[in-house]
2 protein chains.
Amino acid sequence: MRARTTIKDVAEAAGVGVATVSRVLSGGSASQQTRERVLAVAAQLDYRPSALGRNLRQRRTGGIGLLIPDITDSFYGRLADGVLACARAAGEPVIVGATGDDAEGEAEMIGILLEQGVDRVVAVPSGDTEPWAPALRAGMTVVFADRRVNGRDDMVGAIPAVLADERSGVRTAVEYLVGLGHRRIAYLGGVGQSGRAAAFRDTLAALGVKIDEELIVFGRATRDSAYAAASGLFQHRPDLTGVITGGNMLGEAAVLAARELDLRVPRDVSLIMFDDVPWAELCAPPLTVIAPPARDIGYRATELVLRTPGRRTRPVRLPTELIIRGSCGPRR
Amino acid sequence: MRARTTIKDVAEAAGVGVATVSRVLSGGSASQQTRERVLAVAAQLDYRPSALGRNLRQRRTGGIGLLIPDITDSFYGRLADGVLACARAAGEPVIVGATGDDAEGEAEMIGILLEQGVDRVVAVPSGDTEPWAPALRAGMTVVFADRRVNGRDDMVGAIPAVLADERSGVRTAVEYLVGLGHRRIAYLGGVGQSGRAAAFRDTLAALGVKIDEELIVFGRATRDSAYAAASGLFQHRPDLTGVITGGNMLGEAAVLAARELDLRVPRDVSLIMFDDVPWAELCAPPLTVIAPPARDIGYRATELVLRTPGRRTRPVRLPTELIIRGSCGPRR
DNA sequence: GTGAAAGCGCTAACAG
DNA sequence: CTGTTAGCGCTTTCAC
C-alpha cells in the first residue's frame with residue numbers, strides 16, 4: 001500500500017490543526033471559512049480518512065460480519081444480498097464467512113471476526129451454542145437470521161432473530177394439499193429445522209389427518225444426503241401422494257428422485273418446496289413453492305444489528321408466500 | 001465492544017515486556033522458558049491480537065476485498081465460494097461488495113475498500129476503467145476474475161486476470177452443434193462479453209458455416225432484458241435450429257422463451273448454455289452446458305492476489321467443459 | 001534475550 | 001472556534 005494522505009497532510013496544507021480537520025470531516029463545529037478551506041484541501045488531496053485509525057481510536061469497527069452456511073446456496077445468496085444492500089446504504093463494509101454449517105467452521109469465522117474487531121454480526125447459526133460464547137463474552141452484537149439456536153439457559157437463546165414465518169408457510173401448504181384431497185403427505189426436511197416439521201404435524205392434526213411418522217424424514221443439506229433421503233422416502237412409501245420439502249437442496253433431490261423412479265409430477269405425486277429459486281419456474285412442471293423472503297430477512301437482520309438493539313426475545317417473523325405453479329394436482 | 005485483553009495485559013501477567021509478547025506470538029526469538037510462559041498466559045487469558053492495532057502499525061490490512069456484480073447469481077456465488085475457501089485457508093477475512101455490475105457501484109465499493117485500508121482485491125470488473133484509477137494510485141494489488149477490462153493505454157489493462165477459457169468452450173459447443181447438422185445457429189450473449197461472440201464467429205468461419213449477423217444478439221444480464229432478447233430472437237428468426245447462450249440468466253430466458261413460443265427442445269431447437277447451474281439438470285430436458293470453472297476461478301484469483309504477483313500481462317485461462325445432457329439433437 | 005519507547009492515523013479531552 | 005496532547009493495540013528499532 002502506497003503512503004496514503006493522512007489527516008496531518010490535510011491539516012498542514014490547510015494551515016490548521018489536525019483536530020480541526022477531524023471535526024470538519026465528522027460534522028463538528030467549525031467556522032464557515034475554515035470548513036470550506038479544509039474541505040477544499042481534502043478534496044484536492046483526494047483524502048480518505050483511514051478506517052483503521054478511527055476504529056482503533058474508537059475501539060470498534062464500523063464493519064458488519066456475515067456468517068452463512070454456504071454462499072453457493074440460492075437462499076443464503078439472497079439473504080446475503082439483503083445484508084449487503086442494507087450495509088451499503090449505511091456505508092458499512094461486510095466481512096463474509098462461509099461456515100459450512102458446522103460448529104467448527106463457525107467458531108473459526110467468529111475468531112477471525114473477533115480478531116478484526118468486528119462487533120456486529122448477522123449470522124445463520126449452525127445450531128451449536130458453544131461457538132458463540134467467545135463472541136458474546138467480547139460484547140458482540142449479534143442477530144440471527146433464518147434460524148435460532150435453542151439456547152437452553154444460555155445467553156445464546158436471547159439473541160434476537162429474524163425468521164421466515166415457517167409455521168404459517170407450512171400450514172398454508174399442508175392445507176392446500178389436503179384441500180386437493182391428499183391424505184398421505186410426507187415431509188422431507190433438513191436436520192435441525194424442527195420448527196417446520198412441528199408445524200407440519202400440527203396442521204395435519206388440526207385438519208384431522210392421521211400423522212404417519214414414517215412419512216416425516218430428514219436429510220442433511222448436501223446433494224448426496226438429500227437425494228438419499230428423498231429416494232428412500234419414495235421407495236419405502238410408494239403410497240404417498242404428496243410431499244413437502246425443506247430448502248431448495250431437498251426440493252431438488254425430490255424432483256430428481258421422483259424422475260429417477262418414474263414418478264409423474266403431479267399425477268403420481270404432488271410436490272411443494274420450501275424456498276423459491278430461479279429453477280422452480282423452469283422445472284417441468286413448474287414447482288409450487290412456499291417462498292420465504294430471504295432477501296428481506298437479511299435486510300431486516302442488518303437493520304437490527306445496526307441499531308444495536310437491546311436484547312429482545314421475540315423473534316421477528318416475516319411472512320412467506322405460497323406460489324402455486326404446476327407441481328400439485330388432485331389426489332390420484 | 002467490551003474492553004478486550006490486550007498485549008499489555010498478557011505482558012503484565014507474564015511478567016515480561018510487551019515487545020517480548022509480540023515476538024513470541026509472531027515467532028521471533030525468545031528463550032524457551034519465556035516463550036512457554038507467555039504462550040500459557042496468553043491462552044489462559046484468551047488473548048487475541050487485535051488486527052486493528054497490527055494493521056495500523058504495519059500500514060496494511062491483511063484482508064481481501066471481493067467485488068462481484070451480483071451475489072445472487074449462481075456463477076458469482078460459486079466464484080465467491082472459491083475466494084472464501086482460499087482466503088480462509090490463509091486466515092484472511094474477506095470484505096465482499098456487490099457492484100450491480102455498473103461503474104458507479106464499483107467505484108463506491110472501491111472507495112469503501114480504500115477507506116478500510118484493504119490493499120488486495122479480487123474483482124469481476126464492470127468494464128469501466130475509471131473506477132480503478134484511485135485503487136491503482138493507492139497501490140492496491142488487484143486481480144480480475146472472469147472478465148478483463150480493455151485498458152486502452154491504461155494501467156488497468158495490465159491487471160492480472162483469471163478467466164474461463166471461453167474461446168475453447170464456445171468452439172467445442174459450436175463444433176458439437178455443427179456436427180449434429182445445425183447450420184443456422186444463434187448466439188445470445190451478454191453485452192460486454194465480446195470474447196465469446198468472437199469465438200462463436202471464428203469457429204463458424206473455420207467450419208465453413210456462413211455467419212449470419214442477425215443471429216448474434218445481446219441482452220443485459222437482467223431477467224427482463226434477457227427474456228426480451230431471447231423472445232425477440234426466436235420470433236424474428238423461426239428458422240434457427242440451435243442457440244448458444246451466454247451466462248445462466250440468458251440461458252434461463254432462452255428456456256422460458258422457447259417454452260412460451262411452444263418450441264420443443266431439442267426437437268425444434270437445440271440449446272446450449274454457457275454456465276452450469278443446479279437447475280440445468282432439473283430442466284426438461286436437462287440442459288447441455290459449457291461449464292466454466294467458477295469456483296476455481298475465484299480460488300486461483302485469490303491465490304494470485306495473496307502472492308502479490310508482479311504485474312503480469314498473460315491472463316490465466318482455466319478450461320471449461322462441455323457437459324452433454326439432453327437439450328441438443330440432430331437438425332430437424 | 002529482553003525491555004523501553006516511538007509511532008501507525010485518528011478522535012476526544014482540554015486548554016487557550 | 002481552534003490547536004495541543006494523549007492515547008487506542010500493536011510492531012519495531014535500539015539500547016541494555
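Sequence lines set the chain letters: A, B, ... in the order given, protein chains first and strands last, and positions in each chain run from 1.
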Holding to salt bridge (Lys or Arg N to Asp or Glu O under 4.0 Å), I want the full list of residues that pass it with [X], two or more places apart in sequence or in another chain.
| X | answer |
| --- | --- |
| A:Arg137 | B:Asp46 |
| A:Asp9 | none |
| A:Arg23 | none |
| A:Arg37 | none |

### Task
Would you mind reading off the bend of the helix from C:dG1-D:dC16 to C:dG16-D:dC1 from its two end axes, five pairs each, to 10 degrees?
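Both end axes considered, the difference amounts to 50°.
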Holding to side chain to side chain contact (heavy atoms under 4.5 Å, CB included), I want the full list of residues that pass it with [X], two or more places apart in sequence or in another chain.
| X | value |
| --- | --- |
| B:Pro49 | B:Tyr47, B:Arg54 |
| A:Glu108 | B:Arg88 |
| A:Leu67 | A:Thr99, A:Met109, A:Ile110, A:Leu113, A:Ala123, A:Trp132 |
| B:Ser22 | B:Ile7, B:Ser26 |

### Task
Shoot me the first and last contacting nucleotide of DNA chain C against chain B, ordered 5' to 3', at under 4.0 angstrom to non-hydrogen atoms.
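With heavy atoms of chain B under 4.0 Å away, the range is C:dG1 to C:dG9.
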### Task
Side-chain contact test, heavy atoms from C-beta onward, threshold under 4.5 Å: evaluate it for B:Val142 versus B:Val156 and give yes or no.
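A side-chain contact is absent here, since even the closest heavy-atom pair is not under 4.5 Å.
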### Query
Among all residues two or more places apart in sequence or in another chain, which pass the side chain to side chain donor-acceptor pair (under 3.5 Å) test with A:Asp73?
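By the side chain to side chain donor-acceptor pair (under 3.5 Å) rule, A:Asp73 matches A:Asn248.
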To the nearest angstrom, how far is [X] atom [atom1] from [N] atom [atom2]?
| X | N | atom1 | atom2 | answer |
| --- | --- | --- | --- | --- |
| A:Gln116 | D:dG9 | CD | P | 16 Å |
| A:Leu114 | D:dG9 | CG | P | 14 Å |
| B:Glu12 | D:dG9 | CD | C1' | 14 Å |
| B:Asn55 | D:dC10 | CG | C1' | 10 Å |

### Query
Counting any heavy atom closer than 4.0 Å, what does B:Gly17 reach on the DNA or RNA strands: base, sugar-phosphate only, or nothing?
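If one applies the 4.0 Å heavy-atom cut-off, B:Gly17 turns out to touch the sugar-phosphate alone, with no base involved.
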Contact list (N/O, under 3.5 angstrom) for nucleotides 11-13 of chain D vs protein:
| unit_1 | atom_1 | unit_2 | atom_2 | d |
| --- | --- | --- | --- | --- |
| D:dT11 | OP1 | B:Arg54 | NE | 3.4 |
| D:dT11 | OP2 | B:Ser22 | OG | 2.9 |
| D:dT11 | O2 | B:Arg57 | NH1 | 2.2 |
| D:dT12 | O4' | B:Arg57 | NH2 | 3.4 |

### Query
Just how far is it from atom CZ of A:Arg78 to atom CD1 of A:Ile297, taken to the nearest 0.5 Å?
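It is 9.0 Å, given to the nearest 0.5 Å.
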### Task
Check whether any side-chain nitrogen or oxygen of A:Thr34 sits under 4.0 Å from OP1 or OP2 of D:dT2, and answer yes or no.
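Indeed, a polar side-chain atom of A:Thr34 lies that close.
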